[in-house]
Amino acid sequence: MPVLAFESVHFRYGDQTAGLADCSLHFEAGSRNALLGANGSGKTTLLLHAAGLLRPEAGRLMLDGVPLDYSRAGLHALRRRVGLVFQNPDNQLFGATIAEDVSFGPLNLGLDAPTVEARVHAALAVVGLSALAGAPVNQLSFGQKKRVCIAGVLAMQPDLLLLDEPMAGLDPAMQAEMQALLERLSAAGVSIVLATHDIDFAYAWADALHVLAAGRCIASFPASALPAHTARLQAAGQPLPGVLRLETALSARGIAVPPLRSLDALITHLSPSSGPSNRATGDGRPQENP
Ligand SMILES: Nc1ncnc2c1ncn2[C@@H]1O[C@H](COP(=O)(O)OP(=O)(O)OP(=O)(O)O)[C@@H](O)[C@H]1O
Ligand SMILES: [Mg+2]
């Protein structure tokens with residue numbers, strides 16, 4: 001059963017701009033989902049709806065098959081289950097110190113002090129900021145602030161985690177750490193939905209891809225089926241993953257490769273040391289098919 005479903009959701013900002021228009025899609029429990037789409041296509045608006053921060057004008061959201069409850073108690077219950085990491089950490093941080101900021105959410109859930117402390121401790125360890133627990137938030141770098149935001153959401157122990165462009169602005173080492181963190185969370189059963197402009201990452205990481213255009217979900221499909229949806233992606237202004245373009249170029253030269261979803265996997269496959277299945281010659285040049 002889907003953990004969260006959007007059913008024909010409409011939303012306008014002010015009375016004018018369509019944020020979401022007849023938007024329908026769903027996220028399977030425990031799955032990894034990437035939202036793709038051009039600037040202004042509605043990704044952030046969709047995440048704000050999923051977190052209960054915006055409410056549809058028409059249509060509805062279903063959480064575990066039950067319509068979202070926008071009463072005070074309903075939103076409080078939602079906050080226990082669904083965590084949103086904003087794109088810009090400055091929109092999310094308000095504690096004076098890192099530990100204070102991360103403890104805000106669990107305190108708000110009404111947890112007792114030792115539990116809050118344990119959760120803050122664990123969340124800071126996960127994002128590698130334990131040593132900076134007492135540091136003032138306003139003196140942190142962008143990447144450090146982003147990690148504080150993630151710790152703040154993890155301390156709530158959500159079972160649906162929403163992230164708005166989590167990789168943007170992080171250096172390559174931090175991006176790799178972020179990806180490892182996402183691996184651990186999904187291994188622990190957390191459902192993840194993230195908005196991204198990084199099609200290579202989305203293709204390698206996600207179970208399901210959802211393509212937004214002008215506030216509408218124009219396609220949802222398993223990431224493994226992306227090669228069959230290239231026209232849709234291109235219609236939505238999305239580039240194709242580099243690994244797919246390379247596989248197409250290789251196959252045009254008669255070099256057959258399995259449908260791998262990351263350049264790293266393809267490079268490993270083609271490298272001379274990768275065993276009997278590889279198709280590279282000793283000098284590193286790929287071999288023609290017999
Ligand atoms: N606070 C706001 N007030 C008015 N219009 C808004 C507001 N936020 C978003 N919009 C409009 O809603 C539409 C969807 O915007 P949204 O931010 O959801 O897109 P996005 O897919 O997240 O884009 P990006 O890739 O740039 O982050 C756009 O037309 C945008 O101009
Ligand atoms: Mg956005």
Side-chain angles (χ1 to χ4, degrees), residues 4-27 32-61 68 70 75 78 82-94 142-143 145-147 149-150 152-153 158 160-170 174-175 178-179 182 191-206 208-221 223 226 229 232-241:
L4 184 68
F6 282 63
E7 297 182 352
S8 301
V9 172
H10 285 267
F11 178 84
R12 280 169 305 175
Y13 287 100
D15 254 349
Q16 307 278 339
T17 318
L20 293 176
D22 193 21
C23 184
S24 296
L25 79 171
H26 65 267
F27 309 115
R32 314 153 177 232
N33 298 270
L35 303 174
L36 299 167
N39 290 139
S41 58
K43 302 179 299 294
T44 297
T45 307
L46 187 148
L47 292 174
L48 293 171
H49 277 79
L53 298 173
L54 291 177
R55 189 171 175 170
E57 279 170 42
R60 62 181 183 173
L61 275 75
L68 225 65
Y70 293 91
L75 290 175
L78 185 70
V82 180
L84 169 62
V85 179
F86 286 74
Q87 179 173 358
N88 181 354
D90 288 323
N91 292 342
Q92 190 155 357
L93 297 173
F94 45 87
F142 178 86
K145 283 183 182 172
K146 195 115 185 172
R147 285 146 77 183
C149 292
I150 293 166
V153 168
L160 173 57
L161 179 61
L162 312 167
L163 303 116
D164 204 350
E165 302 191 23
M167 302 296 179
L170 298 183
M174 203 45 230
Q175 287 192 359
M178 173 74 81
Q179 208 165 335
L182 295 177
S191 312
I192 303 178
V193 179
L194 56 81
T196 183
H197 288 289
D198 186 341
I199 185 84
D200 296 306
F201 162 68
Y203 187 40
W205 171 81
L209 302 175
H210 311 274
V211 185
L212 300 191
R216 194 183 305 264
C217 179
I218 61 163
S220 278
F221 49 84
L226 182 145
H229 291 273
R232 278 288 173 81
L233 283 168
Q234 284 168 321
Q238 295 296 299
L240 298 181

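Any value given below was found using the heavy atoms of this structure, including those in side chains, with hydrogens, waters and symmetry copies removed. Whatever order the structure lists ligands and atoms in, that order sets their numbers, starting from 1.
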For the backbone of [Y] and the side chain of [X], can you confirm whether one donor and one acceptor N or O come within less than 3.5 Å of each other?
{"X": "Gln175", "Y": "Met167", "value": "yes"}
{"X": "Ser220", "Y": "His210", "value": "no"}
{"X": "Gln92", "Y": "Leu84", "value": "yes"}

**Request:** Using the side chain to side chain contact (heavy atoms under 4.5 Å, CB included) rule, take Ile150 and Met178 through it: C-alpha gap first, then chi angles, then the decisive distance, then the call.
**Result:** CA-CA 10 Å; Ile150 293 166; Met178 173 74 81; 3.1 Å; yes

**Asked** Is any N, O or S atom of Thr44 under 2.8 Å away from the Mg ion (ligand 2)?
**Response**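 Checking the Mg ion (ligand 2) against Thr44, an N, O or S atom does fall under 2.8 Å.
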
**Prompt:** Only one of Thr44, Leu25, Thr196 clears side-chain contact (heavy atoms from CB on, under 4.5 Å) with Leu35; which?
**Reply:**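 Looking at Thr44, Leu25, Thr196, the match for Leu35 under the side-chain contact (heavy atoms from CB on, under 4.5 Å) is Leu25.
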
**Prompt:** Pick one: which of Leu47, Val153, Ile192 meets side-chain contact (heavy atoms from CB on, under 4.5 Å) with Leu163?
**Reply:**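 Testing each of Leu47, Val153, Ile192 against Leu163, the sole residue satisfying side-chain contact (heavy atoms from CB on, under 4.5 Å) is Ile192.
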
**Asked** Polar-atom distance check: Gly42 versus ligand 1, any N or O pair below 3.5 Å?
**Response**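 Yes; the residue has a nitrogen or oxygen that sits under 3.5 Å from a nitrogen or oxygen of the ligand.
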
**Message:** For the 3.5 Å polar cut-off, considering only N or O atoms, please tell me whether Gly40 and ligand 1 meet it.
**Reply:**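 Indeed, backbone or side chain, Gly40 has an N or O that close.
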
[atom]: nearest protein contact (heavy atom, Å):
{"atom": "atom 24 (P) of ligand 1", "answer": "Asn39 ND2, 3.6 Å"}
{"atom": "atom 2 (C) of ligand 1", "answer": "Tyr13 CD2, 3.5 Å"}
{"atom": "atom 29 (O) of ligand 1", "answer": "Thr17 CG2, 3.4 Å"}

Check for me whether [X] has a heavy atom closer than 4.0 Å to any atom of ligand 1.
{"X": "Gly14", "answer": "no"}
{"X": "Gln16", "answer": "no"}
{"X": "Gly215", "answer": "no"}
{"X": "Ala195", "answer": "no"}

Should you measure from each heavy atom of [X], which atoms of ligand 1 turn up under 4.0 Å away?
{"X": "Glu165", "result": "25 (O), 27 (O)"}
{"X": "Thr45", "result": "14 (C), 15 (O), 16 (P), 18 (O)"}
{"X": "His197", "result": "25 (O)"}
{"X": "Thr44", "result": "17 (O), 18 (O), 20 (P), 22 (O), 27 (O)"}

**Asked** Does the pair Asn39 and His197 meet the rule for a side chain to side chain contact (heavy atoms under 4.5 Å, CB included), with working shown?
**Response** CA-CA 9 Å; Asn39 290 139; His197 288 289; 3.5 Å; yes

**Message:** Checking Leu194 against Trp205 for the side chain to side chain contact (heavy atoms under 4.5 Å, CB included) test, could you report, in this order, the C-alpha distance in whole Å, the side-chain angles of both residues, the deciding distance, and whether it holds?
**Reply:** CA-CA 11 Å; Leu194 56 81; Trp205 171 81; 3.6 Å; yes

**Message:** For a side chain to side chain contact (heavy atoms under 4.5 Å, CB included) check, start with the C-alpha distance between Leu170 and Lys146, then their side-chain angles and the critical distance, and finish with the verdict.
**Reply:** CA-CA 9 Å; Leu170 298 183; Lys146 195 115 185 172; 4.3 Å; yes

